[in-house]
Amino acid sequence: MAQQVSAFDAQFLNFETGTNLAHIAALTILDPSGRPGGALTREDLIALLKQRLHLAPPLRRRLVEVPFGLDHPYWAEDREVDFDYHVRELALPPPGDDHKLAEQVARLHGARLDRGRPLWEIYLIHGLAGGRVAIYTKVHHAAVDGVTGAEVLAAVMDFEAEPAAVPPEAAAEPQPAPDVVEMVIRGVARVLDNPLALLRFIAEAVPRLDEVPFVAQLPGAGLVSRFVRRIGGDAEPLPELPRMAVPRTPFSGPISRHRRFAFGQLSLDEVKRIKNASGVTVNDVVMAMCATALRRWLAKRDELPRQPLVAGIPVSTRGQFANGSAANEVMLTMTSLPTDVADPRDRLMTVNRSTRLLKERLAAAPAAWLLEFSQAMPAALSALAARSAFRIASRTGSAMNLMISNVPGPQTPLYVCGARVTALYPMSVITDVSGGINITVFSYDGRLGFGIVTDRDMVPDVWDLIDYLRDSLTEYGALVAPPAPGTAEPGEPAEPERPGKAAKTGKAAKTGKAAKTGKIEKPGKTAKPPSTGKTRAAAARGTTAADGPRREQGAAPKPRRARKPPEPPPA
């Protein structure tokens with residue numbers, strides 16, 4: 001029997017409109033010079049996808065709606081996929097620089113996916129400066145979360161230039177959706193069960209009102225939560241969350257259908273050096289850098305609020321609430337972002353205190369309010385309720401100012417059809433409620449890749465934020481002891497190891513010539529890594545801003561690694 005879309009996943013379908021889109025994406029920059037002819041073609045990519053389609057089930061699933069909207073849709077598997085539709089090709093006009101690439105990708109990111117087909121698209125983009133190519137991949141959030149989304153990337157990526165052999169797909173019939181009569185019967189039964197689900201939601205949500213965006217901002221929400229928890233006999237009191245008022249900013253309110261995008265890389269080693277010297281976490285440094293960049297952007301426009309901004313943090317709960325049916329296992333939390341703090345060191349320490357408090361609260365009781373709410377809402381009303389809630393929230397005040405995610409990725413080079421991956425940039429969602437900026441950070445091969453998606457009208461100068469992040473890294477680097485002689489300086493990745501000299505997998509090579517402090521790195525050509533043994537399947541993980549439960553968005557793909565001759569991966 002086909003899998004049904006979970007109540008939580010259905011919310012990503014329900015809130016989607018012409019402006020609020022619910023797909024996540026990744027921009028991969030490739031150096032094809034090591035391939036025969038020095039080129040990567042659409043035919044190469046399609047051939048690889050056909051060979052590995054069974055390794056990424058979301059690429060085969062399409063939605064089947066229940067009559068009259070009585071229940072959530074089902075996923076039906078297609079044995080054949082129309083690759084001519086899903087895999088597309090285009091070229092940038094000269095000079096093909098990063099700004100031209102970002103402009104083209106922003107247009108692609110602002111278009112809805114066709115719900116009559118499997119909910120994904122891949123674009124191979126030619127014409128980049130330096131002979132590079134790019135792959136833009138987008139998948140609907142109802143089909144994947146950060147962890148399962150990694151499977152889509154892992155299906156086409158390898159640890160070595162020689163693509164790993166994979167076993168053929170086992171003979172099995174695709175899973176069709178139930179017939180119409182069965183779907184209607186199931187839908188009616190779910191409607192009858194919803195009053196009980198609503199009572200369960202009320203019983204579990206009221207003690208946690210101080211976690212729910214927008215509701216937590218109402219006067220007395222925290223008091224009610226504490227009172228209900230006390231009379232409920234909580235064995236240990238939960239850490240108290242501060243009441244966060246969401247200030248008005250130029251990127252607050254309803255968004256348009258148009259997007260802007262900017263990307264850049266910074267040295268992960270420099271961020272770790274600052275972390276070690278300051279006694280904080282990598283995520284604290286990243287959050288403080290984002291606060292610094294946003295503070296400067298707002299101050300330049302004379303729109304810096306007196307209160308701190310409020311950032312939404314997606315947190316993966318994979319394994320905590322697993323029910324075997326949900327593609328997404330992610331909760332939403334909030335934390336203050338100290339854009340109101342002038343001193344950079346105080347700003348970093350304020351971030352550290354906020355994220356430690358959030359980590360303690362999540363460790364004691366994960367924020368499951370969104371999952372509980374989606375399960376309590378009758379399917380027939382959930383689409384209307386989701387869109388109505390979005391309209392009301394966006395007009396009366398945003399639930400947060402922006403979304404920030406920081407995701408660790410593989411620290412060894414990756415390849416697509418033998419073309420070296422030089423950079424990976426994540427792209428995520430902006431909405432009327434979450435604000436017109438989304439900053440997602442992904443670490444890969446010794447660098448942090450920043451992908452910033454904004455509303456085109458709210459933040460037209462999105463590249464300024466990349467410059468301010470660079471400046472912020474320089475500023476924090478100057479606050480701590482200088483790097484040891486011979487190590488990479490801010491903005492410079494470690495120098496690739498010379499060909500023929502083996503290095504341990506996942507460790508940085510010897511550092512070389514220093515670059516300018518905090519410099520944003522352009523994707524470039526790096527050396528081929530040594531072969532590293534046994535084939536393995538992709539696995540993905542993430543962290544919260546507090547280094548607590550796993551972070552959801554854009555989790556890292558870990559593709560197959562092959563011996564020669566390669567071993568088939570485990571079933």
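Source: prediction; values computed, not measured.
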Novice: Are the side chains of Ile274 and Leu473 in contact, using a 4.5 Å heavy-atom criterion?
Specialist: yes
Novice: Cut-off 3.5 Å, no hydrogens considered: what does the side-chain donor-acceptor table look like for residues 303-310, sequence neighbours left out?
Specialist:
none

Novice: Assess the pair Phe261 and Trp463: is the distance between their ring centroids shorter than 6.0 Å?
Specialist: no
Novice: Not counting sequence neighbours, which residues clear side-chain hydrogen bond (donor to acceptor under 3.5 Å, both in side chains) with His126? List them please.
Specialist: Glu89
Novice: Answer yes if the ring centres of Phe442 and Tyr444 are under 6.0 angstrom apart, and no otherwise.
Specialist: no
Novice: Tell me which one of Glu16, Glu121, Arg112 satisfies side chain to side chain contact (heavy atoms under 4.5 Å, CB included) with His140.
Specialist: Glu16
Novice: Identify the heavy atoms of Val416 and Leu40 that sit nearest to each other, and give their distance.
Specialist: O-CD1, 4.4 Å
Novice: Out of the candidates Phe12, Trp120, Phe15, only one should pair with His141 under the ring pair (Phe, Tyr, Trp, His ring centres under 6.0 Å) rule; please name it.
Specialist: Phe12
Novice: Side chains of Thr292 and Arg347: any donor to acceptor distance under 3.5 Å?
Specialist: yes
Novice: Is Glu270 salt-bridged to Arg273, going by a charged N under 4.0 Å from an acidic O?
Specialist: yes
Novice: Quick one: do the Asp31 and Ser33 side chains pair a donor with an acceptor below 3.5 Å?
Specialist: yes
Novice: Do other residues, nucleotides or ligands put more than 12 heavy atoms under 6.0 Å from the CZ atom of Arg257?
Specialist: no
Novice: Applying side-chain hydrogen bond (donor to acceptor under 3.5 Å, both in side chains), can you list everything that pairs with Tyr468, at least two apart in sequence or on another chain?
Specialist: none
Novice: Charged N to carboxylate O under 4.0 angstrom, Arg132 versus Asp98?
Specialist: yes
